[in-house]
K.L.:
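I am attaching a structure below and will ask some questions about it afterwards.
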Number of protein chains: 2
Amino acid sequence: MNTRPLPLADDRSSERGDAARNRTRLLEAAALLVAERGVDAVTMDDVAARAGVGKGTVFRRFGSRAGLVRALLDHSEREFQQGFLFGPPPLGPDAEPLDRLVAFGRARIELVEVQGELLRAAESAAESHYFAPSHLVSLTHVDALLRAAGVGGDTRLLATSLVASLEATLVLHQWRELGYPLRQLADNWAELAHRVVTGTSASARDTRVVT
Amino acid sequence: MNTRPLPLADDRSSERGDAARNRTRLLEAAALLVAERGVDAVTMDDVAARAGVGKGTVFRRFGSRAGLVRALLDHSEREFQQGFLFGPPPLGPDAEPLDRLVAFGRARIELVEVQGELLRAAESAAESHYFAPSHLVSLTHVDALLRAAGVGGDTRLLATSLVASLEATLVLHQWRELGYPLRQLADNWAELAHRVVTGTSASARDTRVVT
DNA sequence: ATGATAAACGGACCGCAGTCCGTTTCTATT
DNA sequence: AATAGAAACGGACTGCGGTCCGTTTATCAT
């Protein structure tokens with residue numbers, strides 16, 4: 001239980017020359033190895049060796065395996081965020097909240113198709129990936145969309161529940177082990193989002209039809 | 001990647017005498033150690049040593065750390081299942097589907113209060129806990145309740161999404177790291193369930209009010 | 001240039017989950 | 001009671017993530 005290492009952003013400025021060089025070396029080596037073997041077959045020693053660097057250095061830079069993987073995902077993660085924060089509709093701001101919400105989930109699920117293993121590896125951190133910046137950004141975004149769509153109550157918690165169903169580990173399981181086409185999972189997200197937004201609040205528990 | 005060891009139920013009949021004896025010894029030892037140190041501080045070697053048994057035996061019996069933990073949870077898991085399958089309302093069959101759904105989530109979240117660490121340990125299996133019997137039972141139950149509440153479409157997938165927000169790892173995080181009272185998480189579940197059940201389907205996308 | 005100092009380095013080391021395989025023990029059969 | 005063969009046993013062994021700490025190196029002040 002250490003003091004959280006990367007609360008919201010990492011510095012990278014005022015970094016010593018060799019440190020910076022080793023970071024890029026490590027990232028390149030890791031990317032290469034992942035490309036040719038798949039994430040699950042790459043060990044931290046492999047990465048260190050390939051980068052021509054000591055193992056300690058890898059951990060000094062990235063803290064943990066999950067940290068390294070997150071760094072590898074950083075680029076596509078930024079793109080993804082750009083997409084739903086500033087991009088064109090239906091993902092970006094020039095669309096209705098509900099449409100954006102649906103598009104957000106679809107995009108996330110599509111991301112699993114190409115980066116599934118990486119995303120899963122990033123999630124399997126012992127001390128939760130729930131604190132990872134990218135995850136928090138998604139959460140906040142969904143929260144905002146819910147509120148913009150007129151949903152009341154504790155939208156942050158509602159957002160957490162929704163986002164939970166997009167976890168790469170789960171989606172990957174449904175897709176690869178259970179054989180659901182990603183398309184169907186995306187449709188299910190749409191259904192879920194739609195229902196949550198159009199549904200009535202639990203506090204106003206009255207107008208229920210007795211069939 | 002082995003052939004799935006315990007697809008839906010374990011035999012335990014036609015088990016050799018010493019095997020049976022060692023199973024109970026191991027479970028007792030494990031329970032004891034967990035009680036006095038907490039799950040996270042108990043290693044497989046510890047359990048083997050305390051039970052006076054070889055390490056190989058532990059893995060032969062339970063397959064993995066997660067498997068052992070699941071065995072430890074078996075009792076309370078059965079109770080839980082009894083509760084929502086045959087117990088009194090609002091959990092059991094003598095209540096409205098939506099009420100049962102809400103009660104189910106509340107019960108699950110309450111379970112985290114007392115067995116959170118154990119539940120989390122059971123979830124952190126590399127090769128997914130999604131195949132664990134208890135998980136499948138919950139899933140099927142929620143699925144059935146959704147259908148009984150008149151929800152159409154692929155209720156199985158919808159159930160999966162809902163159940164995802166009850167994962168012990170997540171609930172524990174919200175409770176212990178973020179400081180949400182369990183009560184509030186339970187209320188959020190109620191809100192989610194209510195909205196999903198009362199919401200309209202995404203396929204019928206028309207009667208939307210343009211504010 | 002040179003020296004002081006903090007930062008970064010590297011690889012031996014540790015702990016733990018999970019495997020392997022030679023040895024022991026149960027049980028069914030006669 | 002003897003025995004054969006399958007099942008179970010146990011603990012040394014492997015592989016990997018992560019840590020530790022003595023050594024090296026970049027940087028900055030003089």
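Throughout, a chain's letter reflects where its sequence line sits, starting with A, and its residues are numbered from 1.
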K.L.:
Quick one: is B/Thr57 getting a side-chain N or O under 4.0 Å of the D/dG10 phosphate, OP1 or OP2?
P.N.:
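For D/dG10, OP1/OP2 do have a side-chain N/O of B/Thr57 under 4.0 Å.
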
K.L.:
When you check the side-chain N and O atoms of B/Gln115 and B/Ser76, is any donor under 3.5 Å from an acceptor?
P.N.:
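Side-chain D/A pair, B/Gln115 to B/Ser76: present.
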
K.L.:
Counting only side-chain heavy atoms from C-beta out, which of D/dC9, D/dG17, C/dG10 sits nearest to A/Asp45?
P.N.:
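For A/Asp45, the side-chain atoms sit closest to D/dG17.
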
K.L.:
How many whole angstroms separate atom NZ of B/Lys55 from atom P of C/dG15?
P.N.:
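Answer to the nearest Å: 13 Å.
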
K.L.:
Using heavy-atom distances to pick each residue's nearest nucleotide on DNA chain C, tell me which of B/Ser64 and B/Glu15 is more 5'.
P.N.:
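Result: B/Ser64.
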
K.L.:
What's the CZ-P distance between B/Phe59 and C/dC21, to the nearest Å?
P.N.:
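Checked: the CZ to P distance equals 17 Å.
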
K.L.:
Roughly, in whole Å, what's the span from CZ in B/Arg61 to P in D/dA7?
P.N.:
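One finds 12 Å between P of D/dA7 and CZ of B/Arg61, rounded.
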
K.L.:
What's the closest nucleotide to the side chain of B/Ala19 if the choices are D/dA8, D/dG10, D/dG11?
P.N.:
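Of D/dA8, D/dG10, D/dG11, D/dA8 is nearest to the side chain of B/Ala19.
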
K.L.:
Among C/dG10, D/dG17, C/dA17, which nucleotide sits nearest the side chain of A/Arg65?
P.N.:
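Among C/dG10, D/dG17, C/dA17, the one nearest the side chain of A/Arg65 is D/dG17.
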
K.L.:
If you check the B/Asp18 side chain, which of C/dC26, C/dG11, C/dT19 turns out closest?
P.N.:
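Output: C/dC26.
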
K.L.:
Atom OH in B/Tyr180, atom OG1 in A/Thr160: separation rounded to 0.5 Å?
P.N.:
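So the OH of B/Tyr180 and the OG1 of A/Thr160 are separated by 6.0 Å.
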
K.L.:
B/Gly56 near the nucleic acid: base, sugar-phosphate alone, or nothing, with a heavy-atom cut-off under 4.0 Å?
P.N.:
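Base, at least one base heavy atom under 4.0 Å.
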
K.L.:
Run the salt bridge (charged side-chain N to carboxylate O under 4.0 Å, His left out) test against B/Arg21 and tell me which residues pass, sequence neighbours left out.
P.N.:
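By the salt bridge (charged side-chain N to carboxylate O under 4.0 Å, His left out) rule, B/Arg21 matches no residue at all.
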
K.L.:
Report the distance from atom CE of B/Met44 to atom P of D/dA12, rounded to the nearest whole Å.
P.N.:
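In whole Å, D/dA12 P lies 18 Å from B/Met44 CE.
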
K.L.:
Pick the closest DNA chain C nucleotide for B/Ala66 and for B/Arg21 by heavy atoms, then say which residue is nearer the 5' end.
P.N.:
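Residue closer to the 5' terminus by nearest nucleotide: B/Ala66.
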
K.L.:
In whole angstrom, what separates A/Arg16's CZ from C/dC9's C1'?
P.N.:
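One finds 8 Å between C1' of C/dC9 and CZ of A/Arg16, rounded.
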
K.L.:
Out of D/dC9, C/dA8, C/dG18, which nucleotide sits closest to the side chain of B/Arg60?
P.N.:
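My answer, after comparing the listed nucleotides, is D/dC9.
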
K.L.:
Would you say the side chain of B/Glu191 lies within less than 4.5 Å of the side chain of A/Ser201, judging by non-hydrogen atoms?
P.N.:
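Sidechains of B/Glu191 and A/Ser201: in contact.
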
K.L.:
Which nucleotide sits closest to the side chain of B/Thr43: D/dG17, C/dG10, C/dA17?
P.N.:
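Among D/dG17, C/dG10, C/dA17, the one nearest the side chain of B/Thr43 is C/dA17.
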
K.L.:
Please determine, by modelled atom types, if B/Thr140 and B/Arg156 share a side-chain donor-acceptor pair under 3.5 angstrom.
P.N.:
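B/Arg156 and B/Thr140 do have a side-chain donor-acceptor pair below 3.5 Å.
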
K.L.:
What is the separation between atom CG on A/Leu68 and atom C1' on D/dC16, rounded to the nearest whole Å?
P.N.:
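Going from CG in A/Leu68 over to C1' in D/dC16 covers 14 Å.
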
K.L.:
Can you tell me the distance, in whole Å, between the CZ atom of A/Arg23 and the P atom of C/dA8?
P.N.:
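Going from CZ in A/Arg23 over to P in C/dA8 covers 10 Å.
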
K.L.:
Once you round it to whole Å, what is the distance between P of C/dG11 and CG of A/Asn22?
P.N.:
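Rounding to the nearest Å, CG of A/Asn22 and P of C/dG11 are 12 Å apart.
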
